[in-house]
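For reference, the structure is listed below as structure tokens.
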Amino acid sequence: MRNYEIAQILYQIADILEILKVEWKPNAYRKAARTIEAMPEDVYEIYKKNELEKIPGVGIHIAGKIKEILETGSLKYLDKLKKETPFDYEGLMSIEGMGPKKVMALYQKLKIKTLKDLEKAAKHHKIRELFGFGEKTEESILKNIELARTKKKRILLGTALPIAEEIVSGLKKYCIDIKYAGSLRRMKETIGDIDILACSENPEKVFEEFSKSGEVIVKGSTKCTIRLNTGFHVDLRIVKPESFGSALQYFTGSQTHNIALRRIAISKGYKLSEYGLFSGAKQTAGSYEKDVYTKLGLQYIEPELRENAGEIEHALKNTLPELVSYNDIKGDMQVHTNWSDGENTVQEMVKAAAAMKYKYIAVTDHAGNLKIANAMNETRLKKQAKEIEKIQKKFPQIKILKGAEVEILKNGSLGVKNSVLKELDVVIGAVHSYFKMPEKEMTQRIVNAMSNEYINILAHPTGRKIMQKLPYGFDFEKIIEASKKYSVFMEINSWPERLDLSDINARKAMERGCRLFVNTDSHSVQNLNLIRFGIAQARRAWAEKKDILNTLDYEKLVRVLKKTSPHSKL
DNA sequence: GCCGTTTTCGGCCCGACTGTTTTCAGTCG
């Protein structure tokens with residue numbers, strides 16, 4: 001049972017309790033759910049240590065329920081609650097504008113149980129007759145049912161960021177300041193909607209220009225929401241300059257981070273809102289985001305850390321890590337060319353990397369017997385090595401490492417002979433087949449591969465693809481141990497649908513003493529820019545510069561690849 | 001249901017927008 005699943009159960013309880021008009025308990029369950037959802041440590045581990053009640057927001061009762069969930073896989077309390085709400089509350093509440101109160105009212109007055117019932121009632125104009133409902137509510141229900149059918153759920157960070165950047169740059173000329181906020185600024189792997197914050201002397205003009213990008217859903221004096229033709233929502237908020245910092249703080253979230261921050265504000269006699277930090281009627285901070293944190297007695301917290309996953313406690317004690325920066329990367333360690341399945345030549349890739357001021361780049365085309373991806377055999381590897389040597393002479397400012405991405409076979413051996421691997425500067429191992437092996441065998445397979453003396457990097461270690469494919473089952477703890485034992489380093493793959501290791505797994509690995517690489521797995525020149533997504537996940541995992549090995553100078557990097565010093569001494 | 005250098009009882013983040021009703025409840029973020 002994963003943290004996510006436990007959180008979902010607690011959210012369900014909160015929803016039902018809210019429908020049943022129970023006071024405050026929904027907040028308590030929701031708070032516990034959010035904490036658990038964002039926690040890097042497995043709840044199961046905490047349960048084993050008998051420390052469930054140490055989780056913030058979890059008291060004796062919720063701890064008992066988590067225990068039951070972990071021990072039996074279900075929860076009697078939830079089953080009982082579900083019986084009290086014999087209608088599809090989840091489906092009904094998934095309709096925009098439908099909350100617990102309306103869902104319950106419609107059930108009691110019209111016996112509406114399902115989305116179908118709801119649609120039918122609306123079409124027959126039954127809803128407008130009810131007290132508290134009206135014609136417009138009925139129309140919006142019909143419209144939103146239709147939209148829910150086509151609605152896209154969350155989208156990848158790599159998809160959302162360019163959209164946001166385009167909107168921001170288009171509106172810039174009408175604004176004093178404009179920035180994207182929300183989960184996008186926190187660089188979360190998926191984004192629910194895009195939040196943009198601006199201050200301007202002519203807000204109406206900004207809203208007018210903004211409205212051209214999509215269909216207007218909500219429009220007030222300070223806020224406008226549009227729907228892009230992909231179904232995706234973009235919010236624009238306009239505030240006064242003296243509130244821009246506090247608004248940026250507020251709209252960056254996360255929600256749990258903000259709630260925690262506001263509680264600190266209250267405990268110090270302040271009130272914190274998007275308009276500023278107030279002591280009575282007097283604003284003590286607001287123009288600059290940093291001031292909000294400073295005035296609350298906190299270290300500035302980078303957006304990527306704002307998940308209420310320990311960052312506030314550290315900020316209070318001034319012990320936050322100095323995160324690896326977006327400029328710290330000195331080279332990319334996984335890059336494909338047209339020797340295998342990449343689009344560009346070695347020279348084009350090297351030239352692009354040099355333009356990024358990289359000090360080194362590893363050319364790591366697929367090698368071995370992999371049927372897909374045009375993998376190279378021994379002869380072609382040798383040929384490519386010669387070409388690399390030629391190109392190296394043309395680009396003295398950047399070191400080109402000869403490498404390969406090698407298949408980890410079913411039994412854990414590598415798809416290329418050791419005598420060939422020996423000649424390479426860097427060897428990347430990856431699982432590309434037999435994803436559904438039993439957990440024990442998969443673990444042993446990967447550990448076997450890592451014990452090979454020439455392998456350096458384990459690529460996209462869990463094999464997950466966001467919103468498409470779950471990680472293959474294996475014991476992550478054992479891989480962490482193998483990583484340290486054999487000096488084979490896991491990567492954070494920057495590809496937006498991979499981001500593998502994830503922020504949570506990367507943090508777990510680093511807490512256990514692992515160092516990582518951040519690579520793009522580029523298949524074209526443009527892909528080299530994906531590195532920012534990988535670095536973002538490293539930052540979300542609390543990585544400092546020392547934790548990321550491709551921040552090292554070339555000379556030190558080579559020592560790492562030659563495995564001459566143990567993992568712990570790097 | 002949780003939590004406490006104001007409290008073991010009595011609070012619980014805060015504000016915008018919409019639609020309904022006519023001063024506010026519900027929903028959303």
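Numbered from 1 within each chain, the chains take letters A, B, ... in sequence-line order.
Candidate nucleotides B:dT20, B:dC28, B:dC14 were compared by shortest atom distance to the side chain of A:E96, and B:dC28 ranks first. Of the candidates B:dC17, B:dG29, B:dG15, B:dC17 carries the atom nearest the A:V218 side chain, counting heavy atoms from C-beta on.
Summarising the base pairing, B:dT8 is matched to no nucleotide, lacking a Watson-Crick or G-U wobble pair whose two defining distances lie under 3.5 Å.
A:E18 places its CD atom 10 Å from the C1' atom of B:dT27, with the value rounded to the nearest Å. At whole-Å resolution of the value, CD in A:E138 and C1' in B:dT20 are 14 Å apart. B:dT21 atom C1' lies 14 Å from atom CZ of A:F133, rounded to whole Å. In this entry the distance linking CG of A:L236 with P of B:dC17 reads 12 Å, nearest Å. Summarising the geometry, the separation between CZ on A:R128 and P on B:dT21 is reported as 13 Å, rounded to the nearest angstrom. When rounded to the nearest whole Å, the span between CG of A:L130 and C1' of B:dT21 equals 15 Å. Computed from coordinates, the A:L261 CG to B:dC14 P distance equals 12 Å when rounded to whole Å. Between the P atom of B:dC14 and the NZ atom of A:K271 lies a distance of 7 Å, rounded to the nearest Å.
Separating the C1' atom of B:dT20 from that of B:dT27 is a span of 14 Å, rounded to the nearest Å. For the C1' atoms, the distance linking B:dG15 with B:dG10 amounts to 24 Å, nearest Å. Rounded to whole Å, the P atom of B:dC13 lies 22 Å from the corresponding atom of B:dC17. Look at the C1' atom in both B:dT6 and B:dG1: the space between them is 22 Å, to the nearest Å. With P as the reference atom, B:dA16 and B:dT21 are 24 Å apart, rounded to whole Å.
Residues passing the side chain to side chain contact (heavy atoms under 4.5 Å, CB included) test with A:T319 are A:H314, A:K317, sequence neighbours excluded. For A:T294, the side chain to side chain contact (heavy atoms under 4.5 Å, CB included) test picks out no residue, with sequence neighbours left out.
At a threshold of 4.0 angstrom between heavy atoms, the contacts of A:S221 are confined to the sugar-phosphate backbone, with no base atom among them. Contact annotation for A:P100: backbone-only contact, meaning every heavy-atom pair under 4.0 Å involves sugar-phosphate atoms and none involves a base.
Using modelled atom types and a 3.5 Å distance limit, the side chains of A:E289 and A:Y300 yield a donor-acceptor pair. A:E37 and A:Y11 share a donor-acceptor pair across their side chains, judged by distance under 3.5 Å alone.
For the pair A:T222 and B:dC17, the criterion of a side-chain N or O lying under 4.0 Å from OP1 or OP2 is met.
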Listed pairs under 3.5 Å, donor-acceptor, residues 219-229 of chain A side chains, sequence neighbours left out:
unit_1	atom_1	unit_2	atom_2	d
A:T225	OG1	A:D235	OD1	2.6
A:R227	NH1	A:E215	OE1	3.1

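Atom CD of A:Q8 is separated from atom CD1 of A:I69 by 11.5 Å, given to the nearest 0.5 angstrom. Distance check: A:K545 NZ to A:D328 CG gives 4.5 Å after rounding to the nearest 0.5 Å.
A:T462 has its side chain within reach of A:L501: a pair of non-hydrogen atoms, C-beta onward, lies under 4.5 Å apart.
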With B for base contact, S for sugar-phosphate-only contact and - for none (protein heavy atoms under 4.0 Å), nucleotides 1-13 of chain B reads BSS--------BB
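Listed by first and then second residue, the ring-ring contact (aromatic ring centres under 6.0 Å, His included) pairs involving residues 23-71 of chain A are A:Y44-A:Y47 (not counting sequence neighbours).
Salt-bridge check for A:R464 with A:E189: passed, with a basic side-chain N closer than 4.0 Å to an acidic carboxylate O.
Of all the residues in residues 293-303 of chain A, not one reaches under 4.0 Å from DNA chain B with any non-hydrogen atom.
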